[in-house]
Structure formats: C-alpha cells, structure tokens
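Convention: sequence-line order gives letters A, B, ...; per-chain numbering from 1. Below, each value reflects all heavy atoms present in this structure, side chains not excepted, and no hydrogens, waters or symmetry copies. Predicted model only: the values in this text are computed from it and were never measured.
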Amino acid sequence: MSNFGKGCHLHLIDGSAFIFRAYHALPPLTRKSDGLPIGAVSGFCNMLQRYVDGDHGPDAPTHLAVIFDKGSHTFRNDLYDLYKANREAMPEDLRPQIPLTRQATEAFNIPCKELEGYEADDIIATLAHQARDAGGRVTIVSSDKDLMQLVGDGVEMFDAMKNKRIDRDGVFEKFGVFPDRVVDVQALAGDSVDNVPGAPGIGVKTAALLINEFGSLEELLDRAEEIKQPKRRQTLIDMRAQIELSKRLVALDANTPLDFTLDDLELRDPDPDTLLGFLAEMEFRTLTKRIADKLGAEAPVIAEKASPEAEEAPQPEQPPFDASKYECVRDAAALEKWIAQARERGWVAVDTETTGLNEMTADLVGISLAVEPGAACYIPLTHRDGDAGDLFGSDKLAEGQMPLQEALDLLKPVLEDPAILKIGQNMKYDAKIFARYGVAVSPIDDTMLLSYAMHGGLHGHGMDTLSERYLSHTPIPIKPLLGSGKSAITFDKVPIDEATAYAAEDADITLRLWQLFKPQLHRAQVTTVYETLERPLVPVLAEMEMHGVKVDREVLSRMSNAFAQKMAGLEAEIHELAGETFNVGSPAQVGEILFDKMSLEGGKKGKTGKYSTPADVLEDLATEHELPARILDWRQLSKLKSTYTDALQTHINPDTGRVHTSYSITGANTGRLASTDPNLQNIPVRTEEGRRIREAFVAEPGNVLLSLDYSQIELRILAHIADIPALKQAFADGLDIHAMTASEMFDVPLAEMTPEIRRRAKAINFGVIYGISGFGLARNLRIPRAEAQEFIDRYFERFPGIRTYMDDTIAFAKEHGYVQTLFGRRIHTPEINAKGPHAGFARRAAINAPIQGTAADVIRRAMVRMPDAIRDLPAKMLLQVHDELLFEVAEDAVEDTIAAARDIMEGAADPAVRLDVRLVVDAGRGANWAEAH
DNA sequence: GACATCACG
DNA sequence: GACGTACGTGATGTCC
C-alpha cells in the first residue's frame, strides 16, 4: 500500500547534469592532503545543499532522489551501435570524482538511484510516470531537452542554472510542439551530441513545422508523398528507417524495472555525523562549517597541513609478479571472461606482440590484457610451429590458438568502447597495429606519456626503466626469446608458453605502472600537460605516420650514382694529395695524415687518444691547404649518399610507395618530438647540393606539398618570457629581428646595416637561447674570446631582461629541481646543483628548456587541433620538423588549407597562454619539398 | 657498443 | 683561479 499520492511532490535531480555543471563551473581543486581532485565533488555538494535548503514555495519537495547513469552500454547501443559514439571521453580528473558524488548523495541521506543498462533519463521517466499516475506532482531538476517529453499533467522541469521552471509552454518555446510530440521532433531533427542521426537537412524548426502540419511522425512518414519540397520529400521517404530508429533512441523508457518504490524516496533529514564526516574527509572547510552550524552540530576538525603519511600515498599491497599465474587464452569463452572484467572495471591494460618493430609491416602475433595487478592473460593468435628442419611445418599455425578474426571481433567493441579506458606503454605502437586490423583503439592512457609528463628529464620512459624504478621488478628480457644476430627469430616462432609469461607480464607491468602514476599526475601538477600536449597527440601522430610521405626512388637513385662518381674522383685526388691511400672515412687516419704526416697545426686529440678532425677544424686548414678542403667535400657527399640518397630508398614502403617515419613523443627532454626510422627532421636544406634531396619528397599527382613554418618562434617566445620591450616592439613592427639587435648593440642605423654585423647579432640572439658563453660565441664567430665577451656584456646592457631571465631560471631550477614552459611542462634538471662541468651543462640546458619547450608545446597544440581544422579539406598533415608542418593537399584547396592551418598555428597558444608577441607563420608550396620550403 | 662526425631546428 | 662550455635531436661509419 503506497503512501505516495495527491499532495506529494517528487523532486528528481539529474545527477550527471549536476556533476558536469559543478565540474565546469569550478577550477580544478584538489584535496590538500593528497592531491585527489575534488572540484566537482565540492561543487556538487554545494549545489545539493543549496537545493535541499532552498525556498521552493508551493513546489517544496516531499520526496527527493538523485538519479545517475550507470554503465555505458544501454539498450540504445543495441539499437544503434553509434549511439553517443562521438561523445568525448570523460576528463581524467573527473573520473575519480564520480563515485565520490554517489557517496556525497548518500551522506546527505538522499536516495541515490541508478540502474545498469539504463540511462538516468529512463529512471526519471519511470518515476515521473509512477508519481503522476499516483496523483502527485513531479519536478525534474535538469535542463536536458531529452527530458522535456515528460512534461505535463503535474510534471515540470526546473532549470537550476537559470532558476526557472519549465512547463508545457516552456517546452513549446524550445521545440515548437507540446511535450507529447517532442520525440517526434527529436526523431526528425536528430542530435549531434548523442549521435542520433535523425533526417539529414532537417532541424528542430522544420521538424516542428512538419509535425504540426501532419499531427504526428507516423502520419508524416505515411503521407510523405504529399510534401511539396522535393528534396525534403525524398529525404523522408529514403530515411524512414533511420528516422524511426531515431525515435526509438530518443523515446524514454518509462517501464524500467526498479527495485524500490516512491515511498522509499520520502524526504528525510541527514545524519549529522555521517554528513559532516564525509565533508570533513573531503576537506571542505567552508561547507563543513556551514552545515555544522545549520545542524547545530560541532564541525569536525580538518587538518590544515598535508600529513606526511598522505604525501607518501600508501600503496595497497601488491601481489608479487608470478608468471605461472598468467592465463593463456585459447578460446572465445575464456576471452569473454576477460572482456567482462574489463567492462566491469572500465579499464584494461593492452599490449600487442608482433613480428617486428615497424608498425607498418609487422603482423599481429598475440595480444595481452591485464585488469588488476597480477591478473593478466595472453591471447596467442598467429604463433607458428617452429619445428627445426621442417621447412614446410614452420609456416603452419600452432595448435591451441583462437582464430585471429574471432579474437578481433570480440575485442573490437572493447577496444573502441568510449567507456573503457585502454592502458598501454607506448600506445601509439599498439594503436597503429590495431588500426591495420580495422580497430580504432580509444580512449587510451599511456604509461610512457604519464612518466614523461611527470618525470621528464629524470630518466628514460621505456618499460624496463619504469618497471625497475617504480616497481622494483626487472621484466623478462626479450633477447633470450628471440635470440640475436643471424639466428634471431620473430615473436610468432616463440613457443606459446614462453610467450605467455613474457607478454602477459608486460600488460601486468603496464597496469601496475598506471595505477601508480595516474593518481600522482595531479600532485605533480601536470594533468593539463598530459591531457592537452601528450595524450591527444597519439592519434594525430599515428595518422601522420601511417599516411607517410611520397618519396621518388628514381630521383634518389640518380643522385646516389652521381654522388658515387664524384666521391670516387675526390678519393683519387685525396690519395694523390696525401701521397698514399687510406680510408677517407676514418677520422683517425685523416688525423694522422694531416697532423703527423703533413704536420699541420691544430691537431687536438680526443679522449681515445686519436686526432679529432671535425669540420670546423678542417675548414680552418682548408684556407691554406688543398687536402682538408677535398676531405670536407668528400665527407659532405659521403653523408648525403649514405644517410640520405641510399638509406632513404630502403625506407620506401613497397605497399604504399611512401616513407613512414616514427615520431617519438618522449624522445626529447624539452617536449620536442624526435623522428626515427628514418629521421625526416634532418633532411638537408642548408647547402644547395643537400637541398636537392628534398626534390625527392613529392606530392601525388594533382596535389602539392605545402609547408607552413613558424617565423622566429623561439626568439618571439624569448621576448615574451624574458619580457624584452625592444624585442617585442621589433616583432610587433615586423622588423628584421637580427638587424634590429645589431643596430641596438652596435649603434648602427638599420639603413646602414652590413651583412657581417647582422651575422654577429644573429649569432648572439641564438646564443642567448642556448645559454650563451663567451667561449661558445667566440668559437661560433671565430673571434677572440674577449671580444665575444664584450658583445655579450653589451647585449645584457641593452636588454637587461635577458640577464634577469637567465638568473631567475637558474635560481628556480636550483630550488625546485625543474624548470617549466609557459604551458606548465616540467623539465627536470637533476644536475643543476652538481659540481664541476656538469653544472655548466645543466645551467645552459635549464635556460634553453623553457624556450625550446614552449615552442615545442605551441606546435603540439597546433597539431592536436589540426585534424579538426582541415577535416573538410582534401589535405593531410604529413610531417613535423620542430617549427614546420608539411601537408599534402589537392591543388585547388591550397589557399583554403593555408588559411585554415595558419589560423590554427598562429593561434596555437590561445587561450591557455596570452603571448605578448604574435606568432607568424610563413607558407610555401610546390611539387616537392625543395620548392615548398 | 663507443666514438666521431654531421644532418636538422 | 681553473675548469670546461653554446641548446635539442638521430644515423652512419669506423674501430675495438
């Protein structure tokens, strides 16, 4: 027998709406004692408290509940697998706060309701119907338009943001129809936020017009032939199924199976101890006091200082590593159990095993998963029987493996599920492998990137390093499994039991590292860096790398031959001049010829006791002697041939005809990317002969290469960071910055500037960025040290902000052990307090890192935003070379692409950082990279 | 595998 | 007063 009836007023709070509003309305607060993010929880509690204690007049609640979503998979996903598929992953600092909002609700003694497989909206619909049918009234606290279909007959909504009630007329204002036809309008108009398709080209306005004309969606679809506009008529006829599906998606289910009744939701007072205990635990000082006053209870004491125990976040007991506990998954039933575990938790560590290190050519051999420390498995897929001596048997799949496709079909929904976080170590690798098998892994977390964000500059971020350092565990080495040299085998030949121990352990380690690192991200104050500069770069780089750049083998091959001929001629000449034959490629032999045999000056021996013969030494000798000049010529050609025209050809992928570099996100301490296999960030450009190698980098027919590069980005950033008015003004006026510096330093009017004076100023400008020293500048400019020092002194005199910046930066590094970029990236400087020459290196690196690092952050931000900006253009981003982005674009879209990409690049710092100096991007285009640059 | 050298920003 | 010194990378060839 229910007590709920006439005179009762049920208030239903949409919990998710409260959480998101609280999250976005407040800065990212953290709990003082341990850095736990609690901003959203704080806002949520405040909103809840204000709502409960607020004056609702005649609409005061007699019954109250907060309704939450549960799980990501609902019956709507079964209807339409793309439902809510484009929803962005939950911000990482919000995720841990979700369970806390449930706890908060319970602490307030408010019923907290959720139901697996249903959205909060369905529960709200069910309760609203029940309450209305019982003769009571209902207030739904939300402004979500999806709930508007419920309004009417005593059911109203309340927009807590605008403090406004929404009734039937309010719904009509929004939709142009009354609540009973809202789903019809939504079915037609669709919803981009939830990915409800609707009818293309029809929005809310048109939809309302049609529904009002025909009376209902069903009527409209049945009589679609009568519509006058031909395009609209055709859409409705063609898209009927999609529209009907959309209606099923937007219609709320008012018959959810609830295990409680309206009576359970009766308003009740909170228990002071429970509520105050929770608030104190969250360390909400103001709110705790306010509520304690209201309840007439004493506010519990909240420690002011972070407790030392809390600083050293106690790690829960970890099971030891035990390879025998890892499961080898050999059939679908076993795999499904692991998948269920991943779904239950909302996360899973993933690692792939393949036949090689090149993601473009390596084949998938197996997959390992981990869900908890110690709970890991390996799924062998394409291991081969490696029976020695049996040439035919070696290609046969080993027994006891599930079919590759079956495993992928089972895993794909998990790997692509926006509600399940996929954790990996260097996920770009695994994501690229999976991409080749049609699986788009998302969302991801990456322990390598977590470490980079938190420990950049302290140590490497490979799994072995991290495992040893943070888990005190040495991973099973791969070497004994694969062997080395000629007898090395690929992973598919490794026996499955050995592979299981190795592979599952990798996933286990990754999961443990993630559980250790993830909560520390906030305490290290690098969450934003990780979330905006590291993690989102993974899919962007993966796409660039997979797309590759077209390289014309013919061009390289011709150049190789030409170089070989020239080198042969030079070599003969060199031997002639030396009076003997020797290996020109051996610096040791060159040194002996020059400094012993010919007794030339300037022979310095390195630590190996051999002469050093770098280019600058040979250049000095070359003014007087023929031999060193020819050796330099030979070396240049040798470099170009071996590193570029020869090696580059071997990197052309036979399937794509393109070269696919790999970018290392964590390779450089400053935040720069590094390019390997091959390195496409050091293709020659400074000499004419070298630059011609860029002619081999070409666009597909009908396309051009487009290069956009930041002009003087590091000097602009220096002007901003060190706050140099003269430099800022020069950039604002669009002056030649080196000429301006020269004019300022040497008192030469711009009109009388000579190339030599400008060259010196340029060297000083760069020297400043590198942590200038008199010695270094002297060597660079080939001038006496005293003179170089004079220049530097004058520079500091004219631009005193530079000195201050350098001193402040070093002081900061000494105090904190790191320096940071304008975007908050931290670069640790462990050697800064060292004694001896180490300290000098560390000081200069510390001065350089914020400048180089900020520039690196800027282009990272541009790259992360670029795919969206050029989405609708026939353009692809191919390469990044520190301050340059290279695109391949259809000829007729060049101007549009320049406009869009330049916009992103020049505005890349905004809105996180307001630079005093604007960023300028130059553009070039051509049939090849030489022309475009 | 260390070292020297040199390609780039 | 001496010590050493421009910042950040990766690939190649020699030599042990």
Side-chain angles (χ1 to χ4, degrees), chain A residues 457 582-591 604-619 631-632 634-648 650-651 661-664 666-687 689-691 693-694 709-715 718 763-781 785 788-789 792 806 819 827 835-853 855-856 859 879-884 933:
Chain A
F582 65 101
N583 187 346
V584 187
S586 166
Q589 294 180 33
V590 167
K604 275 208 282 278
K605 294 194 176 177
K607 51 183 133 187
T608 45
K610 303 208 167 54
Y611 285 115
S612 169
T613 62
D616 55 348
V617 171
L618 298 196
E619 275 162 22
I631 291 174
L632 282 169
W634 184 92
R635 276 191 184 170
Q636 196 200 358
L637 295 177
S638 166
K639 180 78 173 186
L640 294 177
K641 182 171 186 295
S642 68
T643 309
Y644 299 105
T645 57
D646 285 352
L648 215 41
T650 70
H651 285 284
T661 184
S662 179
Y663 287 101
S664 162
T666 62
N669 277 337
T670 52
R672 273 192 177 180
L673 301 178
S675 160
T676 63
D677 310 300
N679 182 356
L680 295 185
Q681 291 182 320
N682 70 347
I683 303 302
V685 71
R686 290 174 185 169
T687 65
E689 214 156 19
R691 184 160 48 233
I693 287 168
R694 294 186 175 220
D709 70 290
Y710 284 106
S711 163
Q712 308 281 15
I713 187 168
E714 292 195 355
L715 277 173
L718 173 73
I764 299 170
N765 276 333
F766 280 107
V768 166
I769 291 172
Y770 298 151
I772 199 160
S773 76
F775 182 92
L777 183 65
R779 205 177 60 167
N780 186 286
L781 284 177
R785 218 184 126 166
Q789 191 57 53
I792 293 169
M806 293 171 87
V819 292
I827 298 114
K835 297 266 171 267
H838 285 75
F841 281 110
R843 272 199 297 276
R844 291 190 297 274
I847 289 165
N848 174 258
I851 302 166
Q852 187 182 116
I859 198 164
L879 300 177
Q880 187 250 44
V881 192
H882 309 308
D883 63 359
E884 171 190 7
H933 188 76

Under 3.5 Å donor-acceptor, A:S664 side chain and A:A674 backbone: no
Nucleotides 9-16 of chain C: protein proximity per nucleotide (B base, S sugar-phosphate only, - neither; heavy atom, under 4.0 Å): SBBSSSS-
Residues in contact with DNA chain C, drawn from residues 768-778 of chain A - heavy-atom cutoff 4.0 Å: A:Y770, A:I772, A:S773, A:F775, A:L777
Contact list for residues 669-678 of chain A, test salt bridge (charged side-chain N to carboxylate O under 4.0 Å, His left out), sequence neighbours left out: A:R672-A:E714
Give every donor-acceptor pair under 3.5 Å between a side-chain atom in residues 771-781 of chain A and any protein atom, sequence neighbours left out.
unit_1	atom_1	unit_2	atom_2	d
A:S773	OG	A:G776	N	3.0

Sugar-phosphate only, base, or nothing, as touched by A:F841 at under 4.0 Å among non-hydrogen atoms: sugar-phosphate
side-chain hydrogen bond (donor to acceptor under 3.5 Å, both in side chains) partners of A:Y663, counting only residues at least two apart: none
Sugar-phosphate only, base, or nothing, as touched by A:Q636 at under 4.0 Å among non-hydrogen atoms: sugar-phosphate
Side chain to side chain contact (heavy atoms under 4.5 Å, CB included) involving A:K610 - partner list, sequence neighbours excluded: A:A588, A:T608
Sugar-phosphate only, base, or nothing, as touched by A:R686 at under 4.0 Å among non-hydrogen atoms: base
Residues forming a side-chain hydrogen bond (donor to acceptor under 3.5 Å, both in side chains) with A:R691, sequence neighbours excluded: A:E688
Residue list, side chain to side chain contact (heavy atoms under 4.5 Å, CB included) with A:Q589, at least two apart or on another chain: A:F582, A:N583, A:S586
Sugar-phosphate, base or nothing in reach of A:R691, heavy atoms under 4.0 Å: nothing
Touch class at under 4.0 angstrom, heavy-atom based, for A:A763 against every strand present: base
Sugar-phosphate, base or nothing in reach of A:N780, heavy atoms under 4.0 Å: base
Pairing pattern in dot-bracket form [Watson-Crick, G-U; both distances under 3.5 Å; | = partner strand] for DNA chain C: ......|||||||||.
Partners passing side-chain hydrogen bond (donor to acceptor under 3.5 Å, both in side chains) against A:Q636 (at least two apart in sequence or in another chain): A:T687
Residues in side chain to side chain contact (heavy atoms under 4.5 Å, CB included) contact with A:A615, at least two apart in sequence or another chain: A:E619, A:L632
Set of residues satisfying ring-ring contact (aromatic ring centres under 6.0 Å, His included) with respect to A:Y770, sequence neighbours excluded: none
